[in-house]
Protein chains: 2
Amino acid sequence: MQTSTRDRIVVTAARLLQRQGYVGTGIKQIAQEAQATLGSVYHFFPGGKEAVAVAAIEHSSQEFAALLQQALDSDPDPAAAVDACAGQLARELRESGWTDGCPVTAAALETLGTDSPIQQACAAALRAWEQQVAGKLLRCGFAAGDARDLAATVLAALEGAEVTAQVTRSAEPLRTVGRQLARLIRSYQAPDG
Amino acid sequence: MQTSTRDRIVVTAARLLQRQGYVGTGIKQIAQEAQATLGSVYHFFPGGKEAVAVAAIEHSSQEFAALLQQALDSDPDPAAAVDACAGQLARELRESGWTDGCPVTAAALETLGTDSPIQQACAAALRAWEQQVAGKLLRCGFAAGDARDLAATVLAALEGAEVTAQVTRSAEPLRTVGRQLARLIRSYQAPDG
DNA sequence: TGCTGAGTAGAGCGTTCGTTCTAGCGATGT
DNA sequence: ACATCGCTAGAACGAACGCTCTACTCAGCA
């Protein structure tokens, strides 16, 4: 067995959470698709379903952070990098049949009223990704305030575009938003920025 | 009894769907909170839970369309109108304790893989809202292509900002995105647009 | 007075949920 | 050889799920 049972549970749970949300994903389904048994799940995660979900979200958070960093580093120009990032999201979304969107949105929306650790994990993921974008902008010479505002906008727009793309089963929203975000970023680099 | 039983079911289902998603909302909960009985629900909606959800989403779609139109009409300048729209969303979100976000996102994300009527209702709602924004831009003299791209970006960004605002329990993402969207729109009105 | 049909009321169906439980496996240490 | 321990395996629990079903109320009408 190449991967450990625990890892298989986390990875499987992450994928299912991404596609079906928290309530829509059952512990038994996770165990079955991870080729583990119920006993194993509760052995590694005595905290039950919620603990599995938190571990899965943290896994997804780091996994996407790596992809995001790679896309941001792909071009020295931040506007082009953000556009590339949107393109990357569009490509992966299409390849997955429009099912694998943002790995935390679905779970986050379902646990909003509560102050569950799931919600906190999702918030932490969003904050970390935003920091990555802001860091790229800072390194490119943007003012701190501009970098913060732009990073928040970039992340929100990409998030929304991904949802729209999933619902309409089209890559166009992501492509369009990528172009518009690039334009917005460049507007700060213009002479009268 | 002022409102009809059917209307109470639809309105209650819409609110619950918005907050808890499709899977997280039970038929019995809808019936209870709507002060109706299970028999009444299945009397008015022989299609069961799915039919209730579709009716609720269509209701939410029209309700939000009215609010959106009102915000868009509040200012002749499209950039200011979009910013006002973001502000309006931020205000309502805070007043609801960060629970009442986009009325279709949660339900849409849960039914993505499927081709259920719920997913189609959500897609129709998004398309209708985008058309409203595009219409405003067209009326303000924007080129058709620009209006379409901007409308898609505005809607995606607002959608994403609302999710971010809900997860972080802060109005700032919506305020920031509103300002940045206004800037983006104005960049098309500049002399070298 | 009795019929009809819309709407109300809720018991109960089979299924699935998250969780707990006991039993057992195989590798390791002594 | 034996005990220990990490892990696997799945039966079983109570609760909740969506849905079906029968019984009931009550207004309208001849």
Side-chain angles (χ1 to χ4, degrees), chain A residues 1-57 106-107 109-111 113-119 121, chain B residues 1-57 106-107 109-111 113-119 121:
Chain A
M1 198 172 301
Q2 276 179 318
T3 61
S4 74
T5 301
R6 204 199 113 103
D7 285 352
R8 267 180 290 126
I9 292 171
V10 170
V11 171
T12 304
R15 191 183 63 240
L16 291 176
L17 245 53
Q18 181 181 34
R19 297 183 183 174
Q20 311 175 348
Y22 180 67
V23 193
T25 302
I27 283 272
K28 290 173 184 172
Q29 185 187 12
I30 294 173
Q32 186 179 336
E33 300 203 9
Q35 307 212 60
T37 62
L38 220 40
S40 302
V41 176
Y42 280 93
H43 170 75
F44 290 110
F45 300 95
K49 186 182 183 183
E50 197 175 55
V52 176
V54 169
I57 287 169
L109 284 180
E110 286 175 325
T111 56
T114 78
D115 54 350
S116 79
I118 297 177
Q119 212 252 339
Chain B
M1 199 172 301
Q2 275 179 320
T3 61
S4 75
T5 301
R6 205 199 113 104
D7 285 351
R8 267 181 290 127
I9 292 172
V10 171
V11 171
T12 303
R15 192 183 59 237
L16 292 176
L17 245 54
Q18 180 180 35
R19 298 184 181 172
Q20 312 176 347
Y22 180 67
V23 194
T25 302
I27 283 272
K28 288 175 183 171
Q29 185 188 13
I30 294 173
Q32 187 180 335
E33 299 202 10
Q35 306 212 61
T37 63
L38 216 44
S40 302
V41 176
Y42 280 95
H43 170 76
F44 289 111
F45 300 97
K49 186 183 182 181
E50 198 175 54
V52 176
V54 169
I57 287 169
L109 284 180
E110 286 175 326
T111 56
T114 77
D115 55 348
S116 79
I118 296 177
Q119 212 251 341

If you look at every strand shown and take non-hydrogen atoms under 4.0 Å, does A:Phe44 touch a base, only sugar-phosphate, or nothing?
-> sugar-phosphate
Would you say the side-chain atoms of B:Arg8 and B:Thr5 include a donor-acceptor pair closer than 3.5 Å?
-> yes
Short side-chain to backbone donor-acceptor contact, B:Glu50 and B:Ser116, under 3.5 Å | no
Take atom OH of B:Tyr22 and atom C1' of D:dC17, then tell me their distance rounded to the nearest Å.
-> 12 Å
From CZ of B:Arg8 across to C1' of C:dG7 the rounded distance in Å is 12 Å
Can you check the A:Ile9 CD1 to D:dC7 P distance for me, whole Å?
-> 11 Å
Most 5' of B:Pro46 and B:Gly24 on DNA chain D, judged by nearest nucleotide | B:Gly24
Side-chain (A:Thr111) to main-chain (A:Thr114) donor-acceptor, under 3.5 angstrom | no
Assign B:Ile27 to base, sugar-phosphate, or nothing according to its heavy-atom contacts below 4.0 angstrom with the strands shown.
-> sugar-phosphate
Looking at D:dC17, D:dT8, D:dA11, which one has an atom nearest to any side-chain atom of A:Ser40?
-> D:dT8
Side chain of B:Thr37 - closest among D:dT8, C:dA9, D:dC17 = C:dA9
note: A:Gln32, atom CD; C:dG18, atom P; distance rounded to Å ~ 13 Å
OP1 or OP2 of C:dT8 under 4.0 Å from side-chain N/O of B:Thr5 | yes
Kindly compute the distance separating CD1 (B:Ile9) from OH (B:Tyr42), expressed to the nearest 0.5 Å.
-> 11.0 Å
Let me know the distance between CD of B:Gln35 and P of C:dG7, rounded to the nearest Å.
-> 18 Å
Pick base, sugar-phosphate or nothing for A:Gly39, based on heavy-atom distances below 4.0 Å to the nucleic acid.
-> base
How many Å lie between CD on B:Glu50 and P on D:dC19, as a whole number?
-> 9 Å
Could you check how far NZ of B:Lys49 sits from P of D:dC17, rounded to whole Å?
-> 9 Å
Quick one: B:Tyr42 OH to C:dG12 C1', roughly how many Å, whole number?
-> 14 Å
From the list C:dG7, D:dA12, C:dG12, which nucleotide is the closest neighbour of the side chain of A:Lys28?
-> D:dA12
By nearest-nucleotide position on DNA chain D, the 5'-leaning member of A:Val41 and B:Leu38 is A:Val41
Donor-acceptor contact below 3.5 Å, side chain A:Glu110 vs main chain A:Val23 | yes
